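None of the values given here were measured: they were computed from a predicted structure. Proteins come first, then strands; the chains are lettered A, B, ... in the order of their sequence lines, and each starts at number 1.
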Protein chains: 2
Amino acid sequence: MPFESDEYSKRALDFVERLQRLKTYDEICKHILKELAQFGFNYLTSFSIPQAGQSFKDCMWFNNRPQDYIERYSSQNYVLKDPVVTELRKNLNPYSWSDVRRTRELKKSEVNIIDEAREWGSRDGMMLQIVTNSGLVSCFCPCGLGPDLSPRARTALEVIAIYSHHALRRALVQNQRDDVVHIPLTPREREIMQWVAVGKTDDEIGEILLIASTTVTQHVENAKRKLDALRRTYAVVQAIRFGEISL
Amino acid sequence: MPFESDEYSKRALDFVERLQRLKTYDEICKHILKELAQFGFNYLTSFSIPQAGQSFKDCMWFNNRPQDYIERYSSQNYVLKDPVVTELRKNLNPYSWSDVRRTRELKKSEVNIIDEAREWGSRDGMMLQIVTNSGLVSCFCPCGLGPDLSPRARTALEVIAIYSHHALRRALVQNQRDDVVHIPLTPREREIMQWVAVGKTDDEIGEILLIASTTVTQHVENAKRKLDALRRTYAVVQAIRFGEISL
DNA sequence: GCGAAAATCCTAAGAAACTAGGATGGACTT
DNA sequence: AAGTCCATCCTAGTTTCTTAGGATTTTCGC
């Protein structure tokens with residue numbers, strides 16, 4: 001199963017080059033799965049982390065794990081308890097399920113969730129996070145019975161994950177995102193929203209920029225309208241998402 | 001100058017493998033510059049996009065462009081006017097300075113800013129955005145007199161940019177970021193902050209979760225304290241930054 | 001020079017958020 | 001059994017935000 005060292009480098013970039021020529025969602029999926037199979041991954045789940053009010057299923061880019069497993073996982077609300085998932089919040093870097101078992105002290109109920117996956121054909125897997133330009137956090141999770149998780153395989157997987165995610169997203173979201181036309185903010189509106197994002201009040205912003213606080217309010221209201229937001233918390237989130245301000 | 005096709009793939013992953021063994025900031029910079037020189041890039045600027053109140057210079061990961069050019073750029077407030085920079089907000093993907101000239105209708109004053117760079121040794125360059133887990137948007141900007149900007153070079157550059165950025169960040173920020181201990185939110189606090197982030201009022205959240213609005217207020221206040229925020233706009237930004245909620 | 005867009009300033013009432021106090025019950029740990 | 005953390009509920013006074021009206025000046029492209 002394991003390749004020679006050089007083999008990994010070559011494979012990964014060959015994969016990327018071929019991937020970039022594919023257009024349709026189905027072609028892209030097939031290409032990704034074929035590549036992952038070479039590493040011993042039978043399954044792949046790729047999803048963006050759902051917002052409040054969104055269901056897990058609506059946020060899937062791709063999934064080929066057994067449907068009844070997903071149903072079970074979803075109905076038991078495992079996504080809030082699974083240590084492999086909660087680790088996402090703590091760990092910047094790619095990690096494997098076995099890394100989590102080794103490095104964290106888990107409750108019995110948590111270990112059970114990981115063990116349960118075996119009954120559906122997965123003993124170990126990788127978790128790779130991708131953060132897109134718009135701040136959307138996505139997770140690329142290949143798994144299988146006996147995947148290759150060597151350091152060199154992980155480096156190659158990281159490249160594969162980034163490009164696979166972009167390709168899936170390109171195929172699935174391109175049109176959808178173009179629909180969401182967003183009215184651009186003016187420079188002053190942007191400037192003021194940056195101060196709003198760090199928690200300044202309109203009075204404080206007025207003092208900082210040497211303008212009346214009513215003017216600040218005015219700019220914020222204009223920005224809210226352009227960002228399609230009723231409260232400034234959401235306006236800030238939207239401004240980040242649209243790239244008007246950054247974190 | 002241009003390599004054979006296969007050469008790009010091999011170079012890029014060789015670069016990554018060698019980069020991962022380097023520890024110090026200076027070693028890493030030297031390695032990156034050497035690699036970029038192979039593509040015809042003499043200069044590199046790498047920075048995170050400054051928040052309100054932060055200066056451009058504090059957000060630099062690396063820069064070797066002439067100091068007087070940076071001073072001029074900074075004092076003229078070019079960062080708000082430079083079309084190559086404003087394009088960052090619109091364009092998800094890597095692009096070159098010449099792409100911007102070709103695809104956008106620019107004012108004379110905007111073209112001047114790009115042209116001015118020639119006097120300091122850069123005729124063209126690439127802009128590559130990297131968004132980290134914590135939502136920080138960074139920009140990796142190599143430039144030079146006659147860089148190789150062929151499609152295959154761009155693919156390789158994307159890999160180089162991602163890993164270079166991570167390496168620089170690892171070397172510069174590791175300790176700094178560990179200082180910023182953040183008190184984790186409870187599941188309920190997280191859940192409520194997600195609703196705050198989409199602009200719901202406490203009354204509305206109370207109705208959704210079937211609890212009293214005063215309880216919602218209480219949870220938000222606890223979350224604000226843990227996130228070190230005085231207003232909920234900033235609390236939302238912090239929660240995103242710490243990975244407690246996602247966009 | 002004209003028109004459009006941007007930036008500036010204002011009032012006033014009602015809604016929402018912030019602050020500073022509380023209190024109770026349940027789950028889990030030691 | 002005691003202690004800790006979490007989730008739930010409450011009041012009341014203060015500040016900030018939201019909304020719905022205005023108006024004037026500046027800037028920039030044509």
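In this model, the phosphate group of D:dC17 is not approached by any side-chain N or O of A:K224 to a distance below 4.0 Å at OP1 or OP2.
B:A235 is linked by a side chain to side chain contact (heavy atoms under 4.5 Å, CB included) to B:M193, B:K224, B:L227, B:A229, counting only residues two or more places apart in sequence or in another chain. A search for ring pair (Phe, Tyr, Trp, His ring centres under 6.0 Å) contacts involving B:Y69 returns B:Y73, B:W120, not counting sequence neighbours. Every residue two or more places apart in sequence or in another chain that forms a side chain to side chain contact (heavy atoms under 4.5 Å, CB included) with B:R225 is listed here: B:N222.
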| query | Going 5' to 3' along nucleotides 24-30 of chain C, which nucleotides have protein heavy atoms under 4.0 Å from the base (write B), which only from the sugar-phosphate (write S), and which from neither (write -)? | reply | -------
| query | Reading nucleotides 8-15 of chain D 5' to 3', which nucleotides get B (base under 4.0 Å from a protein heavy atom), which S (sugar-phosphate only), which -? | reply | BBBB----
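The side chain of A:T217 lies closest to D:dT18 when the candidates are D:dT18, C:dT19, C:dA16. Of the candidate nucleotides D:dT18, D:dT16, C:dA16, D:dT16 has the atom lying nearest to any side-chain atom of A:D203.
The local environment of CG in B:D115 is crowded, with over 12 non-hydrogen atoms from other residues, nucleotides or ligands closer than 6.0 Å.
Atom CD1 in A:I183 sits about 16 Å away from atom C1' in C:dA4, given to the nearest Å. If you measure from atom CG of A:L185 to atom P of C:dA5, you get 16 Å, rounded to the nearest angstrom. A:Y234 places its OH atom 19 Å from the C1' atom of D:dC17, with the value rounded to the nearest Å. Rounded to whole Å, atom C1' of D:dC6 lies 14 Å from atom CD of B:E191. Rounded to a whole Å, the CD atom of A:E204 is 14 Å from the C1' atom of D:dC17. Between the P atom of C:dA20 and the CG atom of B:L230 lies a distance of 10 Å, rounded to the nearest Å. Between B:R232 atom CZ and D:dT18 atom C1' the separation is 14 Å, expressed in whole Å. At whole-Å resolution of the value, CZ in A:R225 and C1' in D:dT18 are 14 Å apart.
Here the closest non-hydrogen pair linking A:Y234 and B:V198 is CD1-CA, 3.5 Å. Contact between B:V85 and B:Y95 at its shortest, heavy atoms only, is O-OH, 4.4 Å.
For the atom pair CG (B:D82) and CD1 (B:I114), the distance works out to 6.0 Å, reported to the nearest 0.5 Å. Atom-to-atom distance recorded for B:K200:NZ and B:I205:CD1 is 9.0 Å, nearest 0.5 angstrom.
Salt bridge status for A:D124 with A:R101: absent, with no side-chain N to carboxylate O gap under 4.0 Å.
Residue-to-nucleotide proximity on DNA chain C shows that, of A:P184 and B:E221, the 5′-proximal contact is made by A:P184.
A donor atom on one side chain and an acceptor atom on the other are found under 3.5 Å apart for B:S213 and B:D203. A side-chain donor-acceptor contact under 3.5 Å links B:E244 and B:H182.
Counting heavy atoms from C-beta outward, A:L157 and A:P94 have side chains that stay 4.5 Å or more apart.
Each end of the helix from C:dG1-D:dC30 to C:dT30-D:dA1 gets its own rotation axis from five pairs of C1' atoms, and the angle between them is 70° to the nearest 10 degrees.
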